[in-house]
Number of protein chains: 2
Amino acid sequence: MCRQNPGRDGNMSLRQIAQSLGVSITTVSRALAGYSDVSAATRERVVAEAHRIRYVPNEVARRLQRGRADGIGFIVPGGARGFDDRYFLNMVEGAWWRLAGTEVDLLVLSSDQGPTEALTYRRIVEGGRVDGLLVPRIRESDSRIDYLCEVGFPFIAFGAEPSHPKAYAYVDIDTEAATAEAMRHLADLGHRSVALLSSDEALVFARSREAAFLKAAAGLGITTTILCGKLAEASGFALMSELLARPDRPTAAISITDRIGIGAVRAVREHGLTVGPDMSIITFGDNPVVAFMHPPMTAISIPVQAMTAHAVDYLLARRERPDAPLTRLWKTELVVRESTAAPRGRGMASDLPLAV
Amino acid sequence: MCRQNPGRDGNMSLRQIAQSLGVSITTVSRALAGYSDVSAATRERVVAEAHRIRYVPNEVARRLQRGRADGIGFIVPGGARGFDDRYFLNMVEGAWWRLAGTEVDLLVLSSDQGPTEALTYRRIVEGGRVDGLLVPRIRESDSRIDYLCEVGFPFIAFGAEPSHPKAYAYVDIDTEAATAEAMRHLADLGHRSVALLSSDEALVFARSREAAFLKAAAGLGITTTILCGKLAEASGFALMSELLARPDRPTAAISITDRIGIGAVRAVREHGLTVGPDMSIITFGDNPVVAFMHPPMTAISIPVQAMTAHAVDYLLARRERPDAPLTRLWKTELVVRESTAAPRGRGMASDLPLAV
DNA sequence: CTGTTAGCGCCTTCAT
DNA sequence: ATGAAGGCGCTAACAG
């Protein structure tokens with residue numbers, strides 16, 4: 001016959017309670033579930049006994065029976081690079097926070113970006129390990145989205161692919177508003193030429209921030225430069241170094257992630273320049289450390305935790321109602337600190353012919 | 001009867017394959033599991049059909065049957081404060097990294113630190129959701145440890161409680177060696193009075209770093225000060241501010257976490273002093289950002305990812321062999337950057353009467 | 001080599 | 001108000 005469940009000492013199951021009380025398992029189950037069609041006396045005895053033997057239901061069995069995973073998956077992309085950004089921590093934290101105290105687990109899953117990615121997704125989705133998925137860092141023409149849409153599995157994308165044929169659920173920041181506010185701030189300080197430090201990877205959020213940057217700059221009559229690298233401090237360092245070497249260099253830069261911004265600040269300092277007067281820097285993200293850098297960084301604060309918690313809410317709600325409401329676009333806040341200043345040798349904003 | 005499993009379109013089960021091929025479910029199961037006692041022809045047909053209907057096994061059912069969760073849990077402590085440290089990200093990353101490509105899931109679980117904590121642990125352990133647990137931030141007289149030891153559930157503690165009656169599996173850094181090396185570095189620079197910025201919470205690692213600090217200082221004849229706050233930047237700021245206000249203030253400080261160190265650096269700067277000559281700072285941790293701060297911080301680099309990955313290895317191995325090997329103590333590395341320097345108005349190390 | 005049988009622990013009809 | 005029976009999907013033991 002089958003071996004006993006090996007991982008546990010005794011069998012703390014419903015059967016045990018049923019046997020010591022001389023009732024059926026069914027009754028025990030019902031009493032514990034709080035059904036009203038159990039006599040009060042019986043319920044009391046069952047509950048007492050359950051408490052006595054410290055009964056804890058087996059979640060796995062329960063999940064099999066209910067056909068529900070009671071889990072939300074967060075997929076960390078990219079096998080090699082991995083969990084590279086504090087941003088992911090904030091997402092994990094937001095999801096974790098929302099799930100604390102519930103019976104729903106947070107699964108941190110990985111997927112490589114190669115040919116096996118599709119299989120990985122199938123195993124996660126069709127293997128029944130989760131009820132919903134958080135999918136960050138959406139790529140252009142993202143096959144993961146296609147798959148999830150096709151099988152109708154509940155998921156939330158972080159950032160949307162603008163031209164995707166199917167509408168799918170996503171959360172994102174209001175990139176245009178965020179960028180416009182940041183550019184306005186720079187223009188007010190007197191900057192006339194601004195760079196964007198971006199990534200050349202096929203990431204939707206990078207493209208979207210670039211587009212918003214160009215649009216805002218056009219509106220303000222600001223000269224633009226876009227430099228692309230990777231999403232890492234070292235790349236921010238390299239990009240900024242390249243920018244500083246230019247004779248007609250911009251006086252300010254916006255970086256599309258905190259990590260790039262951190263590297264950029266360091267490059268400015270190592271070139272013997274002062275962040276702010278010599279080169280103003282604004283970063284998308286605003287993870288806690290940028291406020292503690294020198295100088296404290298002006299940042300477009302993205303409410304990652306709140307967005308993720310809300311996304312989890314949506315996924316949980318969708319288990320019952322397919323039309324659960326979802327807040328798609330989130331407002332950011334420009335937190336002005338000391339990495340932005342009027343450019344050296346420039347007048348104040350009021351002197352400038354701003355094309356507004 | 002029971003409803004159909006609601007979460008899935010069709011029933012991609014073994015039964016489906018069995019029926020279309022006219023063989024038993026058992027045979028299909030065996031063929032897919034790669035057992036040798038299946039005829040090659042049958043196996044081939046089964047595999048082909050499984051591929052055709054894109055069969056993916058149901059993990060939940062498999063887990064129930066095998067009596068195994070195929071999951072490792074990482075418990076994030078403290079409901080209110082939460083996932084407050086980059087350190088946790090590194091742990092999650094280490095565990096995630098090790099688990100990538102396996103069929104074992106990483107569950108990020110939460111537990112409050114109140115009266116319900118015990119129940120939370122019971123639900124996780126006895127509910128069969130994980131095969132093993134990573135338990136960070138061990139407290140003094142930690143009831144979680146008592147419980148896990150009592151039921152014999154596989155777990156790894158991060159940091160050990162020195163006086164616990166039962167030996168249990170843990171990983172930790174070699175705190176004494178790490179601290180001695182840092183203090184030696186400060187002594188070599190000419191520092192004669194050093195502070196430790198610590199936490200007054202009942203955390204084993206804080207006590208352990210304090211003890212190592214006092215021991216190393218005694219060996220070097222260095223004057224000591226210990227200030228205790230919380231584990232946050234703001235606390236580091238407050239502690240350092242307090243230190244700077246002292247007339248006979250130390251010339252250097254070691255902070256027990258990166259977050260405290262980051263706050264401390266900022267306090268030094270805001271008091272118009274220079275980190276290094278006016279106040280040298282070394283921090284335990286060395287998360288990636290401290291190298292990008294100004295000045296780049298000298299740090300005791302803790303190999304968190306490697307430690308966690310190894311802990312996961314151990315938990316996985318323990319599922320088969322109860323005597324799986326475990327590396328308990330890990331070497332740290334002192335990464336000297338620019339936050340440590342000779343104190344102002346002091347000679348070089350060679351001039352000093354060091355009690356070695 | 002293959003099929004039958006019997007569960008893993010829980011929950012839910014259906015019958016009493 | 002309670003019990004018996006069946007099944008979620010998979011796998012192991014025991015026969016042939």
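First the proteins, then the strands, lettered A, B, ... as listed; each starts at 1. Only this structure's heavy atoms are used, side chains among them; waters, hydrogens and symmetry mates stay out.
When the C1' atom of D:dC10 is taken as reference, atom CZ of B:Arg30 falls 13 Å away, rounded to whole Å. D:dG3 atom P lies 14 Å from atom CG of A:Leu14, rounded to whole Å. Nucleotide C:dC10 holds its P atom 13 Å from the CD atom of A:Glu103, rounded to whole Å. Computed from coordinates, the A:Asp37 CG to C:dT13 C1' distance equals 12 Å when rounded to whole Å. Summarising the geometry, the separation between CD on A:Gln19 and P on C:dG9 is reported as 12 Å, rounded to the nearest angstrom. When rounded to the nearest whole Å, the span between CG of A:Leu64 and P of C:dT12 equals 13 Å. Protein atom CZ of A:Arg45 is 9 Å distant from nucleotide atom P of D:dT2, rounded to whole Å. Regarding A:Ile17, its CD1 atom lies at a distance of 11 Å from the P atom of C:dC11, rounded to whole Å.
Nearest nucleotide to the side chain of B:Ser24, out of D:dG3, D:dC8, C:dT4: C:dT4. Which of D:dG9, D:dG3, C:dC10 sits closest to the side chain of B:Ala61 comes down to D:dG9. Comparing atom distances between the A:Arg62 side chain and each of D:dT11, D:dT2, C:dC10 picks out C:dC10 as nearest.
B:Val60 comes within 4.0 angstrom of nothing in the nucleic acid, heavy atoms only. A:Thr26 comes within contact range of at least one nucleobase, with a heavy-atom separation under 4.0 Å.
Regarding contacts with the backbone of D:dC10, every side-chain N or O of B:Ser29 stays at 4.0 angstrom or more from both OP1 and OP2. Distances shorter than 4.0 Å separate none of the side-chain N or O atoms of A:Tyr55 from OP1 or OP2 on C:dG9. Distances shown here put every side-chain N or O of A:Thr27 at or beyond 4.0 Å from the OP1 or OP2 atom of D:dA1. Residue B:Tyr35 places at least one side-chain N or O closer than 4.0 Å to OP1 or OP2 of D:dA12.
Of the possible donor and acceptor atoms, none in the side chain of A:Asp313 sits under 3.5 Å from a partner among the backbone N and O of A:His310.
Nearest approach of A:Asn58 to A:Ala61, heavy atoms of both residues: OD1-N, 2.9 Å. Between B:Arg318 and B:Gly152, the shortest heavy-atom distance links the atoms NH2-O, 4.3 Å.
In terms of polar N and O atoms assigned as donor or acceptor, the side chain of A:Arg63 never comes within less than 3.5 Å of the base of D:dG9 in a complementary pairing. Residue side chain B:Gln65 reaches the base of C:dG7 through a donor-acceptor N/O pair under 3.5 Å, judged by distance alone.
Both A:Ile25 and B:Thr42 sit near DNA chain C, but only B:Thr42 has its closest nucleotide nearer the 5' end.
In this structure, B:Glu59 pairs ionically with B:Arg63, as a charged nitrogen and a carboxylate oxygen lie closer than 4.0 Å.
For the side chain to side chain contact (heavy atoms under 4.5 Å, CB included) criterion with B:Ile156, the lone passing option out of B:Ile72, B:Leu134, B:Leu133 is B:Leu134.
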